[in-house]
Peer 1: 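The structure that follows is given in the form of structure tokens.
All chains are named by letter (A, B, ...) in the order of the sequence lines, taking the proteins before the strands, and each is independently numbered beginning at 1.
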Protein chains: 2
Amino acid sequence: MQDDVATLRRFNLAWSQRTGVLEHSFLGLGRPLAASRLLLEVGSSPDGASVLDLRTRLGLDSGYLSRLLRRLEREGLVLTEPDPADQRRRVASLTEDGRRELREIDRRSDALASSLLMPLTESQRARLAEALRTAELLVRAATLEIGEHPHDDPRVLAAVGRYVDEVADRFSDLDGGFNSPGALVDPGGRYLLALSDGVVVGVGGIRPTPMPDGSVAAEVKRMWVDPSWRGSGLGRRLLEALEQLAASDGHPAVVLDTNRVLGEALSLYTRTGYVEVPRYNDNPHADAWFRKALSPAAG
Amino acid sequence: MQDDVATLRRFNLAWSQRTGVLEHSFLGLGRPLAASRLLLEVGSSPDGASVLDLRTRLGLDSGYLSRLLRRLEREGLVLTEPDPADQRRRVASLTEDGRRELREIDRRSDALASSLLMPLTESQRARLAEALRTAELLVRAATLEIGEHPHDDPRVLAAVGRYVDEVADRFSDLDGGFNSPGALVDPGGRYLLALSDGVVVGVGGIRPTPMPDGSVAAEVKRMWVDPSWRGSGLGRRLLEALEQLAASDGHPAVVLDTNRVLGEALSLYTRTGYVEVPRYNDNPHADAWFRKALSPAAG
DNA sequence: CCATTTATCTGACTAAGGTCAGAGATATGC
DNA sequence: GCATATCTCTGACCTTAGTCAGATAAATGG
């Protein structure tokens, strides 16, 4: 661990010395860094962003943000108009000049990144890119936020939708039951989202389910991990968080069904203490059923 | 290449968002960032640093630097005294309090790096550290400076010394000829250093050498790459730079001797166009001799 | 309809970061 | 020994970054 800390710090020093330039190149366009960042943020959503939105995303004081916006307006790069739905709010969007400016910033950042890669051979570049991909995934994994969200949160619905799309791809005979949006999430269930920089990269839910013996257990449903996040241990963390949720609801056990085609999932369950049990439901796409008892103290 | 540029930029964004905090934690000690950086820089050399030195290393305006130093002096963290060798100059060094403060900054940086690694499993941490090591090596390789330095530059002598130590380890019967410092570098030779952040990570030289056929060729001598830099392509780049140097001196060819024990070196030579030739000197530790003709236009 | 809350903006203020023009002292070249 | 260059410092000045206290206008709850 101490070695890893030293490695991280050494890397960070070397990296920031070389890419600090990259950040400051925004200043090369004769604009303070904060203004450039704001321009980027306004441009990140195609239909503009509300001032409130920008404030939370950039973490700026409202007075400061207001002045920065005035500056970009004076430069003719953004346009702010009242929000028709709520006249107190204002939405900022890029002008044509603003979009051009954004492309220029993008071009410069690309050029700088290119100049850093240029001295390397093809195979070195590939090794570097691979290392950076790995490092990014793991650093994101380390700063992931797993939290509960209401069943009707649009992000929950969207994530479950992606889960269903994937399942539908694997079991092509499956379509009927999933076509109505209401069937995707259970209003009686509780859902967790894994967010990385505000982007949903994983979802999972539990819902109370009657067992053949008359008891009620928490059933894990709709567990999905973004393809680019597989192998990062996120599935395991989601599962553990769901188990905690179930325990805090007083459930004696967690159950789930799966299909043996999904090898990774199967091995996750057995590795984390699940034991195979007889069929407890009539899901036609399942061919394996698991159960894990929860310690009553937990939660 | 375009993909690699995008990967680099994505990584940089994710990384700087998470470690910007790390930088700003210096502010946590109630001191502006510039003052903390100055403190670090003063502390980096045990005997203190001249104001001139600090100015070039940090790239600061002399007036600004002066004020920052006064501030640290007021806080009792550094002490500046006139340089006995040149009374115009002043050298800044840490006080006992300054060293304590530096340790505190170090401790905090460690704690922050730890907190980033904490959520990861042991194996994830190891993977991340490995990726960061690779990325650091390659990024350093991309920003390496290879340049000529006088044969009596102390850094050249030190680097050649390390080369000799290593050779002496491999050929234990070798000691006599190398013991006098003067024998290590040839005043008639030209030497290249590879510098990463000012640290020597490789060396190589050429010197005119008479060939059996009466012509004179440039002989590559004292080529050495820091162990942590092997596999980064540095050897090849040094060799190419030496060839350019030889060509600019008007030499028709580059020659070198080596020993078959040094497999990596051997394969570098054959890969880059060297062909084996008969013995051209009486080096008792060599058992292979190579030659590469230079195109007269080059240089 | 009125009190309260919400969203944005303006004005006043502060610290940080940095530049520029000399002043003053010391070293160096001739 | 004198002109010139070098090194550090102070004073004046500027922009950037950010905070805080209201003012204003629109929405919301009752």
Peer 1: So what is the end-to-end bend of the helix from C/dC1-D/dG30 to C/dC30-D/dG1, with 5 pairs used at each end and the value given to 10 degrees?
Peer 2: 20°

Peer 1: Under the 3.5 Å rule, do the base of C/dG18 and the side chain of B/Arg67 count as making a donor-acceptor pair?
Peer 2: no

Peer 1: Pull out every residue in residues 42-65 of chain B that has a heavy atom closer than 4.0 Å to any atom of DNA chain C, ordered by number, or say none.
Peer 2: B/Asp61, B/Tyr64

Peer 1: What nucleic acid atoms does A/Arg70 come within less than 4.0 Å of, heavy atoms only: base, sugar-phosphate, or nothing?
Peer 2: sugar-phosphate

Peer 1: Suppose we screen for side-chain hydrogen bond (donor to acceptor under 3.5 Å, both in side chains). Which residues come up paired with B/Ser45, at least two apart in sequence or across chains?
Peer 2: none

Peer 1: How long is the straight-line distance from CZ of B/Arg133 back to CG of A/Leu8, given to the nearest 0.5 Å?
Peer 2: 11.0 Å

Peer 1: Just to verify, which of A/Val139, A/Val5, A/Leu138, A/Thr7 counts as forming a side chain to side chain contact (heavy atoms under 4.5 Å, CB included) with B/Leu117?
Peer 2: A/Val5

Peer 1: Closest approach of B/Thr19 and A/Asn12, non-hydrogen atoms and distance?
Peer 2: OG1-OD1, 3.5 Å

Peer 1: Ion pair present between A/Arg162 and A/Asp226, side-chain N to carboxylate O less than 4.0 angstrom?
Peer 2: yes

Peer 1: Using the side-chain hydrogen bond (donor to acceptor under 3.5 Å, both in side chains) criterion, which residues pair with A/Thr143? Sequence neighbours excluded.
Peer 2: B/Arg18

Peer 1: Report the distance from atom CD of A/Glu81 to atom P of C/dT8, rounded to the nearest whole Å.
Peer 2: 14 Å

Peer 1: For the pair B/Arg108 and B/Glu104, find out whether any cationic side-chain nitrogen is under 4.0 Å from an anionic carboxylate oxygen.
Peer 2: yes

Peer 1: Would you name the heavy atoms of A/Arg31 and A/Arg71 that are closest together and state the gap between them?
Peer 2: CA-NH2, 4.2 Å

Peer 1: Over how many whole Å does the gap from B/Arg71 atom CZ to D/dT10 atom P extend?
Peer 2: 16 Å

Peer 1: Rounding to a whole Å, what distance do you find between B/Leu69:CG and D/dC7:C1'?
Peer 2: 13 Å

Peer 1: Please list, pair by pair, any protein nitrogen or oxygen found under 3.5 Å from a nitrogen or oxygen in nucleotides 27-30 of chain D.
Peer 2:
| residue | atom | partner | partner atom | Å |
| --- | --- | --- | --- | --- |
| D/dA27 | OP1 | A/Gln87 | N | 2.8 |
| D/dA27 | O4' | A/Arg88 | NE | 3.4 |

Peer 1: Any chance CD of A/Glu145 has more than 12 other-residue heavy atoms, nucleotides or ligands included, within less than 6.0 Å?
Peer 2: no

Peer 1: What is the distance, rounded to the nearest whole Å, between atom CG of A/Leu38 and atom P of D/dG18?
Peer 2: 12 Å

Peer 1: Does a donor on one side chain and an acceptor on the other come within less than 3.5 Å for B/Asp97 and B/Thr95?
Peer 2: no

Peer 1: In chain order, what residues pass the side-chain hydrogen bond (donor to acceptor under 3.5 Å, both in side chains) check against B/Arg155, with sequence neighbours excluded?
Peer 2: B/His149, B/Asp153

Peer 1: Please report, rounded to the nearest Å, how far the P atom of D/dT8 is from the CG atom of B/Leu68.
Peer 2: 15 Å

